Amino acid sequence: HLIVGCGLSGSVIAERIANVWNENALIIEKREHIGGNCYDYVDDQTGIRMNKYGAHLFHTKDEGVWKYVQTFDKWTRWEHRVLSMVDGQFVPVPVNITTVNQVCGENIEDTEEMDAWLSAVQYKGPIENSEDMAVSRVGRVLYEKMFKPYTVKQWNKGPEELDPSVLARIPIRRDFDVRYFSDKYQALPAKGYTHFFERLLDNPRIQVQTGVDFFKYKLEHDLGQFKSIFYTGPIDQYFDGLKLESLEYRSIDFHIERFSDMNYFQPCSVVNYPETNVPFTRIVEYKHFLNQTSKHTVTVKETTNDHGDPYYPIPNKRNMELYECYRQMAVKEEKEKNVHFVGRLANYKYMNMDQAIRNALDLFDRINSKEEMN
Ligand code: FAD
Ligand code: NA
C-alpha cells in the first residue's frame, strides 16, 4: 500500500495496515520530517521543545481515540489555558465570568447572574453569517472587542462574509473555569509529538521516505504495483490539471524570538491579540507546556497569510461548492483506482487531532470489513 503524507492521518492508516493486516505500507512525505503539522523538535539554543507548525493541544471525549493513542506512547495530562489581551489587560479565554467583568465592566458573581447577563445581550434574530452567530452567543460588546477583529486578522474577511460555522460553538464558561477545553481527556505526549509518531510508525512493515513529493514520485514509479493508495494531501492538488479552480486556504507565518536569561515572557503558553493595532494574532511561549525548564525562553508570533502552506480551509460558498466537485471526482477515483482520500487536506475540512485519528480509524474499519466480506 502507498500512503501519501506522514501526518496523523497517513500514519494511523499505515499503523493499521501493518499491525492489523500484517501488510507493507510505504509512506512518502514531501517535507523533510514525519508528523505532518504536529511535528515538534527541541530548539538547540534554548533546549525548549516547540512545534514547527503552531501549538498543538490534544483533547478528546472519544474513549476509543484516547485508548488508541495511549497504546503507543505515554501522555501527560495538560489543561491548556489561554489569555487574550484586550484594552491592555489579560482576560481569560474562553469567555468566563471574569472576562465579562473585565471587558464589559460588569460585577457578575455567579452562574445565575451570568446567565441573566448572557440572555440580555445575546442576539435572537435569524443567523445568516458568522457575525450573527457570534453576537447570538456573546453579545455585541464582546463580539466587537474580541471576536470581530480577531476573525478579520485570522481570515482576512469580516465575520459577516463568513459562513456561520466559522464562529459557531464559541465556548462560554458560565462560571470561573479557566480551562480552554472542557473535554475529559486533555494531554500532551510526554516526550513530544515526534516521539509519539516514531512509536506509532515503529513496525518493520512500515517504511517512510521523507523529502518525496507524490506528484514527482508518480512520474517515476508504477502506481499499479500498490494494492491501494491513501492520499492525505490537498484534494485540489491531486486533481490538478483538470482545469478546475483551486481551493482557498489560510496559512500562518511563524516568527521565532529568543530571550536569553529570561524565565517567562508571558503568564501562560498562549496569549491572543485580537486588536487590529497589533499585526499578529497570538504569541505562543512553548516553555509553559509541561513546565519545561531552561535559563532562556522562546516565543513564536503568528501572522496569517493566504499564500503559504495550506492550514485552514476557508468555508465560504465558493469553496464549498468547488470542494463538492472535487469530492465527486474523489468518489470516482476511489471506485476505479482504489485511491482513498484521508485527512484534513483531502477532505478540505478542519479537523482536530482526535477527529483526524477517528476519521482514519473509521475509514480503515470500513475497508477492512469490505475485505472480510470478499
Ligand atoms: P497533516 O498533518 O497536514 O499531514 C498531511 C501531510 O501530507 C503533510 O505532512 C504534508 O507535507 C503531506 N503532503 C501533502 N502533499 C503531499 C505530496 N504531494 N506528497 C507527499 N506528501 C504530501 N489539532 C488539535 O487537536 N489541537 C490543536 O491544538 C491543534 N492546533 C493546530 C494548530 C495549527 C496552526 C494547525 C494548522 C492545526 C492544528 N490542529 C490542532 C490540527 C492538526 O494539525 C490536524 O488534526 C492534523 O495535523 C491532521 O493530520 P493530517 O495527517 O490530516 O494532515
Ligand atoms: Na492541521
Side-chain angles (χ1 to χ4, degrees), residues 2-15 26-40 50-62 65-66 69 75 78 80-82 154 180-181 183 185-189 193-194 196-197 200-201 208-219 221 223 229-240 249-254 269-270 281-282 284 286 289 300-305 308-313 339-361 363:
L2 177 68
I3 293 150
V4 180
C6 196
L8 210 38
S9 303
S11 301
V12 167
I13 294 286
E15 181 279 322
L26 167 63
I27 309 182
I28 55 172
E29 165 56 59
K30 73 172 177 193
R31 288 171 171 165
E32 295 297 337
H33 58 74
I34 63 172
N37 283 345
C38 305
Y39 172 73
D40 61 13
M50 49 201 293
N51 281 91
K52 187 159 182 191
Y53 309 97
H56 274 67
L57 287 302
F58 184 83
H59 58 102
T60 191
K61 300 180 179 52
D62 188 323
V65 166
W66 177 235
V69 297
W75 291 71
W78 182 258
H80 189 40
R81 279 175 199 196
V82 175
Q154 185 90 347
Y180 192 69
F181 302 113
D183 289 343
Y185 305 111
Q186 316 187 14
L188 293 171
Y193 285 95
T194 303
F196 167 76
F197 276 86
L200 187 64
L201 299 167
V208 182
Q209 292 177 11
T210 54
V212 178
D213 189 316
F214 171 66
F215 300 106
K216 260 188 88 180
Y217 184 90
K218 78 172 187 185
L219 301 176
H221 298 81
L223 296 185
I229 296 176
F230 293 85
Y231 177 81
T232 74
I235 189 165
D236 52 341
Q237 243 171 37
Y238 183 91
F239 293 108
D240 206 17
Y249 297 88
R250 278 306 266 171
S251 187
I252 304 172
D253 284 314
F254 300 99
S269 58
V270 176
T281 51
R282 59 177 197 169
V284 179
Y286 284 94
F289 292 125
V300 183
K301 282 185 180 146
E302 296 184 2
T303 56
T304 45
N305 69 70
D309 270 9
Y311 292 138
Y312 300 108
V339 179
H340 304 280
F341 293 78
V342 205
R344 64 181 190 101
L345 296 167
N347 289 286
Y348 196 62
K349 185 171 184 263
Y350 182 80
M351 291 181 198
N352 277 321
M353 291 180 276
D354 63 327
Q355 297 168 308
I357 294 170
R358 170 50 62 204
N359 192 254
L361 291 175
L363 173 72

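Read the numbers this way: they start at 1 and go in the same order the structure lists the ligands and their atoms. Positions are given from 1, in the same order as the sequence printed here. Values in this document were obtained by computation on a predicted structure and should not be read as measured data.
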Quick one: do the Thr60 and Asp183 side chains pair a donor with an acceptor below 3.5 Å? no
Is it the case that Asn37 and Arg31 place a side-chain donor and acceptor less than 3.5 Å from each other? yes
Distance from [X] atom [atom1] to [Y] atom [atom2], nearest 0.5 Å?
X: Asp354; Y: Leu361; atom1: CG; atom2: CG; result: 11.0 Å
X: Tyr312; Y: Ile252; atom1: OH; atom2: CD1; result: 4.0 Å
X: Asn51; Y: Tyr39; atom1: CG; atom2: OH; result: 10.5 Å
X: His59; Y: Leu188; atom1: NE2; atom2: CG; result: 11.0 Å
X: Leu8; Y: Phe197; atom1: CG; atom2: CZ; result: 4.5 Å

For [X], is the nearest heavy atom under 4.0 Å from an atom of ligand 1?
X: Tyr350; answer: yes
X: Tyr312; answer: yes
X: Phe215; answer: yes
X: Asn359; answer: no

Is the Tyr249 to Tyr348 ring centre distance short of 6.0 Å? yes
Output field: ring centroids Tyr193/His33 closer than 6.0 Å: no
Using a plain distance cutoff, I'd like to know if [X] has any nitrogen or oxygen under 3.5 Å from a nitrogen or oxygen of ligand 1.
X: Val4; value: no
X: Leu57; value: yes
X: Met351; value: yes
X: Arg282; value: no
X: Asn37; value: yes
X: Gln237; value: no
X: Glu29; value: yes

For [X], take its heavy atoms, then give the atoms of ligand 1 lying under 4.0 Å from any of them.
X: Ala55; answer: 28 (O), 30 (N), 31 (C), 32 (C)
X: Arg31; answer: 9 (O), 11 (O)
X: Leu8; answer: 49 (O), 51 (O)
X: Val212; answer: 19 (N), 20 (C)
X: Tyr311; answer: 36 (C)
X: Asp213; answer: 17 (C), 18 (N), 19 (N)
X: Arg344; answer: 1 (P), 3 (O), 48 (C), 52 (O), 53 (O)
X: Gly343; answer: 52 (O)

Just wondering, more than 12 heavy atoms not from Tyr238 lying within 6.0 Å of its OH? yes
Can you tell me if NZ on Lys218 sees more than 12 non-hydrogen neighbours from other groups inside 6.0 Å? yes
With a 3.5 Å distance limit and no angle check, can you tell me whether Trp75 reaches the backbone of Val69 through a side-chain donor-acceptor pair? yes
Honestly, is Lys349 close enough over Phe341, meaning NZ or CZ under 6.0 Å from the six-membered ring centre and within 45° of the axis? no
Any idea which of Thr232, Val284, Asp240 brings a heavy atom closest to atom 5 (C) of ligand 1? Thr232
Of the backbone atoms (N, CA, C, O) and the side-chain heavy atoms from C-beta on, which set of Val342 has a member under 4.0 Å from an atom of ligand 1: side chain, backbone, both, or neither? neither
